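A short write-up of the structure that comes next.
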There are 2 protein chains.
Amino acid sequence: METLKKYRAAGGGNCAVRNVLDRLGDKWSMLIIIILGHEGTMRFNQLHHGIGDISQKMLTVTLKILEADGLVVRKVYAEIPPKVEYSLTERGRSLLPHLEGLAQWAEANMQGIYASREKYTAGV
Amino acid sequence: METLKKYRAAGGGNCAVRNVLDRLGDKWSMLIIIILGHEGTMRFNQLHHGIGDISQKMLTVTLKILEADGLVVRKVYAEIPPKVEYSLTERGRSLLPHLEGLAQWAEANMQGIYASREKYTAGV
DNA sequence: AACAATAGTTACTTCGCCGTAACAATCGAA
DNA sequence: TTCGATTGTTACGGCGAAGTAACTATTGTT
């Protein structure tokens, strides 16, 4: 009961770990962190057009959250037209290997998972 | 542009990796996998009462999804009252270290993240 | 004078995750 | 015969995440 105890001691639903992980569970955070981790520094429209299927609104919202959590730095250049560059902070870079580990696991296992899903729905 | 190319080549929003990871991003999957990973085998009510703040419905739904993805095995005993045991599959166990890595990262960084959030909201 | 480029913001709407509460099935026990 | 134990299922509804489209701001360009 070690894990359960820890979880309940941490306040169950108010568990701080979950509070942190919940943010990463949204639709775009992980992808943006991984991309920024690989590309280094990117401008807003570079991310926007690069990802392609993210809306302008969700990109700003997600970047704002990542910035608030100290995972991404936003560097504004006082130019017209505007120029803003995004990159990972040290904290963001420390998260990167974990997300890549997850992504690699998903890539390695998605075949089997798809097979399981089909088998499961077929059996029901 | 390596990551972006891969992402777009994989179909952007239909990216298989994301399809797999989206499931883990829900409210309960990660927690259940981690708990099952530590406890080994648990019955339905053991999980239910243990977690405490999960509804009966969400526990069944989440377990069903994890079972469909081949991450959890469900073992039914032909008894009255019913007895069902849940445990991780080999695939589920292979995911465990990645989730624990994430959880440990979150635990190690939540202080700093909270500080960043406060600083950020104060600055706006 | 209108337009292009960049980086957003805002209002409106839709979608689906999740919670709540009641119900289902089955047998033994009081 | 009603209750309790265990593992669910179902109907209903709220709320927040996310999409769409229009609008803003600023300056140089045509």
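Naming convention: chains lettered A, B, ... in sequence-line order (proteins, then strands); numbering from 1 in each chain. These figures come from a predicted structure and were not determined experimentally.
- Following rounding to the nearest Å, B:Gln46 (CD) and D:dA5 (C1') show an atom-to-atom distance of 15 Å.
- Comparing the local axis fitted to the first five base pairs of the helix from C:dA1-D:dT30 to C:dA30-D:dT1 with the one fitted to its last five gives a bend of 40°, rounded to 10°.
- Annotation: B:Glu79, atom CD; neighbour count of heavy atoms from other residues, nucleotides and ligands within 6.0 Å is above 12.
- Under the salt bridge (charged side-chain N to carboxylate O under 4.0 Å, His left out) criterion, B:Arg91 pairs with no residue, sequence neighbours left out.
- Scanning residues 54-76 of chain B for heavy-atom distances under 4.0 Å to DNA chain C yields B:Ser55, B:Lys57, B:Met58.
- Taking 4.5 Å as the limit, some side-chain heavy atom of A:Leu66 sits within range of a side-chain heavy atom of A:Ile33.
- Checking side-chain atoms of B:Thr121 against main-chain N and O of B:Glu118 turns up a donor-acceptor pair under 3.5 Å.
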Please report, to 0.1 Å, the donor-acceptor pairs under 3.5 Å made by any side chain of residues 80-87 of chain A, with sequence neighbours excluded.
{"residue": "A:Glu85", "atom": "OE1", "partner": "A:Tyr77", "partner atom": "OH", "Å": "2.9"}
{"residue": "A:Tyr86", "atom": "OH", "partner": "A:Arg74", "partner atom": "NE", "Å": "3.4"}

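- Between B:Arg43 and the phosphate of D:dT7, there is a side-chain N or O to OP1/OP2 separation shorter than 4.0 Å.
- For DNA chain C, the contact window with chain B, defined by any atom under 4.0 Å from a protein heavy atom, covers C:dC18 to C:dC27 in 5' to 3' order.
- Nearest-nucleotide mapping onto DNA chain D: of A:Pro82 and A:Gly25, the residue sitting toward the 5' end is A:Gly25.
- In this view, B:Asp26 and B:Ser29 satisfy the side-chain hydrogen bond (donor to acceptor under 3.5 Å, both in side chains) rule, not counting sequence neighbours.
- With sequence neighbours excluded, the residues that form a salt bridge (charged side-chain N to carboxylate O under 4.0 Å, His left out) with B:Glu90 are B:Arg93.
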Name every donor-acceptor pair, under 3.5 Å, that has one atom in a side chain of residues 97-109 of chain A and the other anywhere in the protein, sequence neighbours excluded.
{"residue": "A:Glu100", "atom": "OE2", "partner": "A:His38", "partner atom": "NE2", "Å": "2.6"}
{"residue": "A:Trp105", "atom": "NE1", "partner": "B:Ser94", "partner atom": "OG", "Å": "2.9"}
{"residue": "A:Asn109", "atom": "ND2", "partner": "A:Trp105", "partner atom": "O", "Å": "2.7"}

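- Among residues two or more places apart in sequence or in another chain, the side chain to side chain contact (heavy atoms under 4.5 Å, CB included) test is passed with B:Asn45 by B:His48, B:His49.
- Of the two residues near DNA chain C, A:Ile80 and B:Ile80, the one whose nearest nucleotide lies more 5' is A:Ile80.
- When the P atom of D:dA18 is taken as reference, atom CG of B:Asp26 falls 13 Å away, rounded to whole Å.
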- Message: For a side-chain contact (heavy atoms from CB on, under 4.5 Å) check, start with the C-alpha distance between A:Met42 and A:Ile35, then their side-chain angles and the critical distance, and finish with the verdict.
- Response: CA-CA 9 Å; A:Met42 291 180 85; A:Ile35 289 178; 3.7 Å; yes
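- If you take NZ of B:Lys27 and C1' of D:dG14, they are 13 Å apart, rounded to a whole angstrom.
- Under 4.0 angstrom from either OP1 or OP2 of D:dG8 there lies at least one side-chain N or O belonging to B:Tyr86.
- Remark: A:Arg43 engages no residue in a salt bridge (charged side-chain N to carboxylate O under 4.0 Å, His left out) (not counting sequence neighbours).
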